[in-house]
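Okay, structure first, notes after.
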Amino acid sequence: MASIKKIGVFTSGGDAPGMNACVRAVVRTAIYLGKEVVGIHQGYQGMIDKKFINMDARSVRNIIQLGGTVLKTARCAEFRTAEGREKAYKNLVEEGIDALVPIGGDGTFTGAELLSGEFGIPVVCIPGTIDNDLYGSDFTLGYDTATNTVIEAIDKIRDTAASHDRLFFVEVMGRDSGCIALHAGVAGGAEAILLPEKETAIDDLIHKLEEGALSKKSSSIVIIAEGDKNGGAYNVAKRVKEKFNFYDIKVTILGHLQRGGTPSSFDRVLGSRMGYAAVRAIIAGETRKMVGLRGNMIQLTPLEDAIHNHSFKLEEDLLEMATILSI
Ligand code: ATP
């Protein structure tokens with residue numbers, strides 16, 4: 001393989017706290033190792049629209065502490081077509097970009113895998129998504145910050161729940177993965193946690209809430225992942241209200257506030273480690289891999305596995321523990 005001269009880095013899909021720390025690490029590692037770096041604005045859309053910006057070590061100063069992504073992100077329908085990818089690749093060639101470090105979720109990886117398969121450009125991807133739903137990494141970039149944001153919100157909601165003897169249903173992000181809900185539920189002392197991976201019967205939930213009320217709980221918080229099969233927090237609240245009126249019932253949908261905010265120390269370090277490792281890997285000749293953290297060690301996983309392997313399971317032990325600890 002010809003030696004890599006110019007690396008393109010971009011963020012794609014949903015933004016996640018820690019992406020900027022990661023971009024900074026990619027840029028500075030590449031420059032340190034004698035490579036040029038181009039930032040591609042708005043992910044695949046920017047590749048098609050030629051939004052290329054030469055980066056130097058100073059261009060990433062003062063961004064490690066910022067949420068969101070300074071490179072901007074986008075969802076790009078055109079890149080899903082073979083014509084769109086060809087256009088993007090031609091632009092990369094024109095710009096002299098001969099390797100890519102994409103930062104995003106499984107959709108971003110699928111696009112990178114296709115582009116690399118079709119045109120042979122080396123890609124080493126970084127898992128940047130708050131969902132923590134990718135095989136090959138114990139943590140994805142942004143998940144820790146998002147969970148802390150959720151816990152902060154739960155703590156505030158608990159103040160008002162306790163003051164008014166209320167039952168709150170709090171909906172958090174997670175269409176397919178209940179990771180945020182489960183961890184925030186444990187850390188926030190939730191009475192019940194409803195997840196996409198496991199069906200919860202409303203009658204069982206009511207039974208649990210009744211037990212709590214009988215044991216003199218003055219307020220309760222139930223965490224619901226948006227992908228829970230009961231149809232979201234408003235639906236669950238409505239159905240519970242029909243049979244259980246011990247508390248005043250309220251619903252809070254946390255929504256997009258879970259995405260933003262100052263990245264936690266963990267996400268800054270993780271982003272730095274992953275960005276650094278991705279550049280080293282791509283220069284060493286690796287391609288079609290994802291950089292991940294497993295057992296506190298940086299490891300590479302084939303992109304195909306990162307995208308398609310769903311063998312990692314819901315942490316049933318945590319869920320069981322949460323049920324016991326909320327008696
Ligand atoms: P998040 O987990 O935050 O949603 P993501 O990377 O999974 O991040 P997507 O919107 O699914 O977010 O994907 C980002 C972009 O990747 C898409 O807008 C599209 O340009 C490209 N992409 C996704 N799926 C494919 C595909 N099957 N083929 C080609 N490109 C794709």
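Read the numbers this way: they start at 1 and go in the same order the structure lists the ligands and their atoms. As a basis for the values below, the full set of heavy atoms in this structure was taken, side chains included, without hydrogen atoms, waters or symmetry mates.
The side-chain tip of R294 points at the ring of Y135 from less than 6.0 angstrom away and within 45° of straight on.
Both L303 and L134 sit in one connected hydrophobic cluster of ILVMFWY residues. Membership requires side-chain heavy atoms under 4.5 Å apart, directly or through other members.
Taking the side-chain hydrogen bond (donor to acceptor under 3.5 Å, both in side chains) definition, one finds that D49 meets it with Q45, sequence neighbours left out. Residues meeting the side-chain hydrogen bond (donor to acceptor under 3.5 Å, both in side chains) test with E78, sequence neighbours left out: K87.
Not one N or O on the side chain of T160 forms a donor-acceptor pair closer than 3.5 Å with the backbone of K156.
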For residues 110-130, tabulate all N or O donor-acceptor pairs below 3.5 Å that involve a side-chain atom, not counting sequence neighbours.
{"residue": "T110", "atom": "OG1", "partner": "D106", "partner atom": "O", "Å": "2.7"}
{"residue": "E113", "atom": "OE1", "partner": "R288", "partner atom": "NE", "Å": "3.4"}
{"residue": "S116", "atom": "OG", "partner": "I121", "partner atom": "O", "Å": "2.7"}
{"residue": "E118", "atom": "OE1", "partner": "R85", "partner atom": "NE", "Å": "2.8"}
{"residue": "E118", "atom": "OE2", "partner": "R85", "partner atom": "NE", "Å": "3.2"}
{"residue": "E118", "atom": "OE2", "partner": "R85", "partner atom": "NH2", "Å": "2.8"}
{"residue": "T129", "atom": "OG1", "partner": "D131", "partner atom": "N", "Å": "3.2"}

Could you pull out the N/O contacts under 3.5 angstrom between ligand 1 and the surrounding protein atoms?
{"residue": "ligand 1", "atom": "2 (O)", "partner": "T129", "partner atom": "OG1", "Å": "3.3"}
{"residue": "ligand 1", "atom": "3 (O)", "partner": "G14", "partner atom": "N", "Å": "3.0"}
{"residue": "ligand 1", "atom": "4 (O)", "partner": "R75", "partner atom": "NH1", "Å": "3.2"}
{"residue": "ligand 1", "atom": "6 (O)", "partner": "G105", "partner atom": "N", "Å": "2.9"}
{"residue": "ligand 1", "atom": "6 (O)", "partner": "G105", "partner atom": "O", "Å": "3.4"}
{"residue": "ligand 1", "atom": "6 (O)", "partner": "T108", "partner atom": "N", "Å": "2.9"}
{"residue": "ligand 1", "atom": "6 (O)", "partner": "T108", "partner atom": "OG1", "Å": "2.5"}
{"residue": "ligand 1", "atom": "7 (O)", "partner": "D106", "partner atom": "N", "Å": "3.4"}
{"residue": "ligand 1", "atom": "7 (O)", "partner": "D106", "partner atom": "OD1", "Å": "3.0"}
{"residue": "ligand 1", "atom": "7 (O)", "partner": "G107", "partner atom": "N", "Å": "2.9"}
{"residue": "ligand 1", "atom": "10 (O)", "partner": "R75", "partner atom": "NH1", "Å": "2.7"}
{"residue": "ligand 1", "atom": "12 (O)", "partner": "R75", "partner atom": "NH1", "Å": "3.0"}
{"residue": "ligand 1", "atom": "16 (O)", "partner": "G107", "partner atom": "O", "Å": "3.4"}
{"residue": "ligand 1", "atom": "18 (O)", "partner": "C76", "partner atom": "N", "Å": "2.7"}
{"residue": "ligand 1", "atom": "20 (O)", "partner": "C76", "partner atom": "N", "Å": "3.4"}
{"residue": "ligand 1", "atom": "20 (O)", "partner": "C76", "partner atom": "O", "Å": "2.7"}
{"residue": "ligand 1", "atom": "22 (N)", "partner": "G107", "partner atom": "O", "Å": "3.2"}
{"residue": "ligand 1", "atom": "24 (N)", "partner": "R80", "partner atom": "NH1", "Å": "3.3"}

